[in-house]
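Everything on this sheet refers to the single structure shown next.
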Amino acid sequence: MSSTGVLSGLFAQVTSSSVRLILRFGLTGVTTTLVYFVLTNAFVLSRMMTPVFSSVCAYVVSVAISYLMQSRFTFRVDGHSLDQVARFVVMSLAGLVVSWCVMALTVNLLHWPYLTGAIGVCVIIPVLNFFLLRGWVFAVRGRREHIVATGETE
């Protein structure tokens, strides 16, 4: 096989495994966002909680579901560790701070419409989360884990 054939085969394998990983990540994000939205509205409409408290409770539940889905479905990690959970919580809190900063910058300092900041948050946070999850929270530590996370074959 020529070197061009080998390179194109490697590129196809990396691309297809990367695309599958990104699709699983996206599906997890959409699912946890829907859980957050449905729970927030259910708590408010049932008059169980105020809107702010409903949002916080729904966020906590969605973060827990997100961890389980990201670890098991997206990155296919075998087992859980306290280190992973702690890194996931730190990442989630950092995302909250970044989203607040984006909104404060766009709305308060730049006086842009709030939708500009909201769209910025919707783009920035998933991108940051993907790289943090892949490179830090569920970092690949060995070849077997890499194969499981990417769907590659040996």
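Residues: numbered from 1 along the sequence shown. Excluded from the calculations below are hydrogen atoms, water molecules and symmetry mates; all remaining heavy atoms, backbone and side chain alike, are included. These numbers come from a predicted model, not from an experiment.
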- List in chain and number order the residues that pass ring-ring contact (aromatic ring centres under 6.0 Å, His included) with Phe25, two or more places apart in sequence or in another chain; answer none if no residue qualifies.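 Residues passing ring-ring contact (aromatic ring centres under 6.0 Å, His included) with Phe25: Phe130.
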Any side-chain heavy-atom pair of [X] and [Y] under 4.5 Å:
| X | Y | answer |
| --- | --- | --- |
| Met69 | Thr74 | no |
| Val137 | Phe75 | no |
| Ser99 | Met103 | no |
| Phe73 | Leu27 | yes |
| Gln70 | Arg24 | no |

In terms of ring plane angle, is the pair Tyr67 and Phe88 parallel, tilted or perpendicular, where the classes change at 30° and 60°?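 Ring orientation, 0 to 90° scale: perpendicular.
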[X]-[Y] co-clustered via ILVMFWY side chain contacts under 4.5 Å:
| X | Y | value |
| --- | --- | --- |
| Ile65 | Phe138 | no |
| Val35 | Phe53 | yes |
| Met48 | Leu39 | yes |
| Leu109 | Ile119 | no |
| Val98 | Val63 | no |

To check you understand the geometry: which heavy-atom pair defines the closest contact between [X] and [Y], and what is its length?
| X | Y | result |
| --- | --- | --- |
| Val77 | Gln84 | CG1-NE2, 3.4 Å |
| Ser55 | Tyr36 | OG-OH, 2.6 Å |
| Val44 | Ser54 | CG2-OG, 3.5 Å |

Report yes or no: does [X] contribute a side-chain atom to a donor-acceptor pair with the main-chain N or O of [Y] at less than 3.5 Å?
| X | Y | value |
| --- | --- | --- |
| Ser66 | Ser62 | no |
| Thr32 | Thr28 | yes |
| Thr116 | Trp112 | no |
| Arg87 | Trp136 | yes |

ask   = Counting only heavy atoms not in Leu82, do more than 12 sit closer than 6.0 Å to its CG atom?
value =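 At most 12 heavy atoms, drawn from other residues, nucleotides or ligands, come within 6.0 Å of this atom.
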Would you give the length of the straight line joining atom [atom1] of [X] to atom [atom2] of [Y], rounded to the nearest 0.5 angstrom?
| X | Y | atom1 | atom2 | answer |
| --- | --- | --- | --- | --- |
| Asn129 | Ile124 | CG | CD1 | 11.5 Å |
| Asp78 | Ser71 | CG | OG | 10.5 Å |
| Phe43 | Met49 | CZ | CE | 4.5 Å |
| Arg134 | Leu132 | CZ | CG | 11.0 Å |

Kindly determine whether Met91 and Leu133 satisfy side chain to side chain contact (heavy atoms under 4.5 Å, CB included), including the steps that lead there.
CA-CA 8 Å; Met91 182 203 70; Leu133 286 167; 3.7 Å; yes
Is the closest side-chain donor-acceptor distance between Thr40 and Tyr59 under 3.5 Å?
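Judged by distance alone, the side chains do not pair up.
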